[in-house]
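One structure is given below, encoded as structure tokens.
Below, chain A is the first sequence line, B the second, and so on; all start at residue 1. If you're wondering where the values come from, they're calculated on a predicted model, not measured in any experiment.
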There are 2 protein chains.
Amino acid sequence: MDVNLANLNEQLKAKGFSLTQSRILVFEHLLKHGPLTMRDLLIGLAGKLDRASVYRNVKLFEDLGMVQRLSNGFKYSLELSDRLINHHHHLVCIGCGAIADIHENKLEEHIADIAKNQGFLPKAHQIEVRGYCRRCRA
Amino acid sequence: MDVNLANLNEQLKAKGFSLTQSRILVFEHLLKHGPLTMRDLLIGLAGKLDRASVYRNVKLFEDLGMVQRLSNGFKYSLELSDRLINHHHHLVCIGCGAIADIHENKLEEHIADIAKNQGFLPKAHQIEVRGYCRRCRA
DNA sequence: CTCCCTGCAAAACCTTTGCAATGGA
DNA sequence: TCCATTGCAAAGGTTTTGCAGGGAG
């Protein structure tokens, strides 16, 4: 069994849920296609799985902390959570659309500190910086 | 006229739109109640204004850059934009949906520095921290 | 064999749109 | 007055739910 599917199985069993074909399909689709809107996820799984089951399983995965919802402009996307993929943020160029990653531990700590100072228990966060990349700033 | 209403009027007139009772109601509701879900905005204005007009005017305000959407899981909240109120970010409670503001100049500088270090000219950014507020962390 | 899980269909929401009437400048 | 704007009603989308049958353990 694939290491990631093993992970899914482990998470489900730990809470008394079953490893079903439906759940494998949803999980593998997210694993393969990265951040997806619910709409694209439904389209991608159409014919293999009922809409209701997609919604129910996405909700379950979220409750288990295996899937997170990201803001993506005004839309929302689903992706496997930080526990399963590398956590990072993005610099998005308004000029050419290029996307660069941000990996900054100090920034992560900074945000965690601010949340704690307000009595908040942070679970996830997202940062998006929009601007011009080196080539487009001229 | 209230200084904020004057601002609304100015923004509308600059693009050839009218200052109507409906628009005043929507604007004042957002000004008074801070970040609101569309649902709460509709409820708050029920009886004074038709749903369709709320949607149409929120959309207009967004186009004019006077209102911005905040992600809140799969939902979203609306608030007056940075041009009208101070620039800030949000702590969103997964438990009860409460939204608290973050005002941290050091964080702003930190993000600007990271962008610059990658040759990036930042124009805008958004940060969202999701977790549990003091009351919900129990 | 026993429930949990799924598909189906309908219900419940949420958002947009067409049109005639109204009201702002 | 003139045309943007509104309310109404209906359509179009999205998400949730009840229930009976099917699959995992």
Side-chain angles (χ1 to χ4, degrees), chain A residues 1 5-30 36-64 66-78, chain B residues 1 5-6 8-30 35-64 66-78 94 97:
Chain A
M1 185 184 288
L5 268 191
N7 202 323
L8 171 63
N9 187 36
E10 184 187 327
Q11 299 285 326
L12 288 170
K13 294 297 163 55
K15 300 276 183 167
F17 296 102
S18 306
L19 179 68
T20 64
Q21 275 307 310
S22 295
R23 286 170 185 161
I24 292 173
L25 283 171
V26 173
F27 185 85
E28 289 193 324
H29 203 82
L30 287 172
L36 281 173
T37 60
M38 180 61 86
R39 180 183 172 73
D40 288 338
L41 182 61
L42 288 169
I43 290 170
L45 293 170
K48 300 173 189 166
L49 197 54
D50 188 76
R51 305 166 84 77
S53 296
V54 178
Y55 279 105
R56 284 189 275 231
N57 287 324
V58 164
K59 189 162 195 286
L60 174 65
F61 289 173
E62 226 194 327
D63 291 344
L64 294 175
M66 304 190 72
V67 160
Q68 56 197 3
R69 304 180 179 199
L70 305 177
S71 88
N72 184 4
F74 291 161
K75 314 278 180 157
Y76 301 89
S77 295
L78 300 161
Chain B
M1 185 185 288
L5 270 191
L8 171 64
N9 187 35
E10 184 188 328
Q11 299 285 326
L12 288 170
K13 293 297 162 57
K15 299 276 182 167
F17 295 102
S18 308
L19 179 65
T20 64
Q21 274 307 310
S22 295
R23 285 170 187 161
I24 293 173
L25 284 171
V26 173
F27 185 83
E28 290 194 324
H29 203 82
L30 287 172
L36 281 173
T37 60
M38 180 61 87
R39 178 185 172 76
D40 289 337
L41 182 60
L42 289 170
I43 290 170
L45 293 170
K48 301 172 187 166
L49 196 57
D50 189 77
R51 284 183 173 72
S53 295
V54 177
Y55 279 105
R56 285 190 274 231
N57 287 323
V58 163
K59 188 161 194 289
L60 174 64
F61 290 172
E62 272 185 86
D63 291 344
L64 294 176
M66 304 189 71
V67 160
Q68 57 198 1
R69 292 189 193 208
L70 311 174
S71 101
N72 182 5
F74 258 163
K75 315 281 182 186
Y76 61 83
S77 294
L78 301 161
I94 303 168

Treating primed atoms plus P, OP1 and OP2 as sugar-phosphate and everything else as base, which nucleotides of nucleotides 15-25 of chain C get B, S or - for protein heavy atoms under 4.0 Å?
BBBB-----SS

Interatomic distance, B:Ile43 CD1 vs C:dC13 P [rounded to whole Å]
11 Å

Just how far, in rounded Å, is C1' of D:dT6 from CG of B:Leu25?
13 Å

Just do the side-chain contact (heavy atoms from CB on, under 4.5 Å) check on A:Met66 and A:Leu30 with the steps written out, would you?
CA-CA 11 Å; A:Met66 304 190 72; A:Leu30 287 172; over 6 Å; no

Evaluate the side-chain contact (heavy atoms from CB on, under 4.5 Å) criterion for residues B:His29 and B:Leu25: first the C-alpha distance (whole Å), next the side-chain angles of each, then the deciding distance (0.1 Å), finally the verdict.
CA-CA 6 Å; B:His29 203 82; B:Leu25 284 171; over 6 Å; no

To the nearest Å, give me how far apart CG (A:Leu41) and P (D:dT15) are.
11 Å

Qualifying side-chain hydrogen bond (donor to acceptor under 3.5 Å, both in side chains) pairs, either residue in residues 43-56 of chain B, two or more places apart
none

Working for side-chain contact (heavy atoms from CB on, under 4.5 Å), residues B:Asn57 and B:Phe27:
CA-CA 9 Å; B:Asn57 287 323; B:Phe27 185 83; over 6 Å; no

In Å and rounded to the nearest 0.5 Å, what is the CG to CZ distance from B:Leu78 to B:Phe61?
11.0 Å

Just how far is it from atom NZ of A:Lys15 to atom CG of A:Asp63, taken to the nearest 0.5 Å?
9.5 Å

Using the C1' atoms of five pairs at each end, what's the angle between the two axes of the helix from C:dC1-D:dG25 to C:dA25-D:dT1, to 10 degrees?
40°

Just how far is it from atom CD of B:Glu28 to atom CG of B:Leu5, taken to the nearest 0.5 Å?
4.5 Å

Expressed as a whole number of angstroms, how long is the span from B:Leu49:CG to D:dT5:P?
14 Å

B:Gln21 and B:Ile24: CA distance, side-chain angles, deciding distance, side-chain contact (heavy atoms from CB on, under 4.5 Å) verdict:
CA-CA 5 Å; B:Gln21 274 307 310; B:Ile24 293 173; 4.1 Å; yes

Atom pair distance, as rounded to whole Å: CG in B:Leu45 and C1' in D:dT6:
14 Å

Output the rounded distance in Å from CZ (B:Arg23) to C1' (D:dT5).
6 Å

Here the distance between atom C1' of C:dC14 and atom CG of B:Asp40, to the nearest Å, is 14 Å

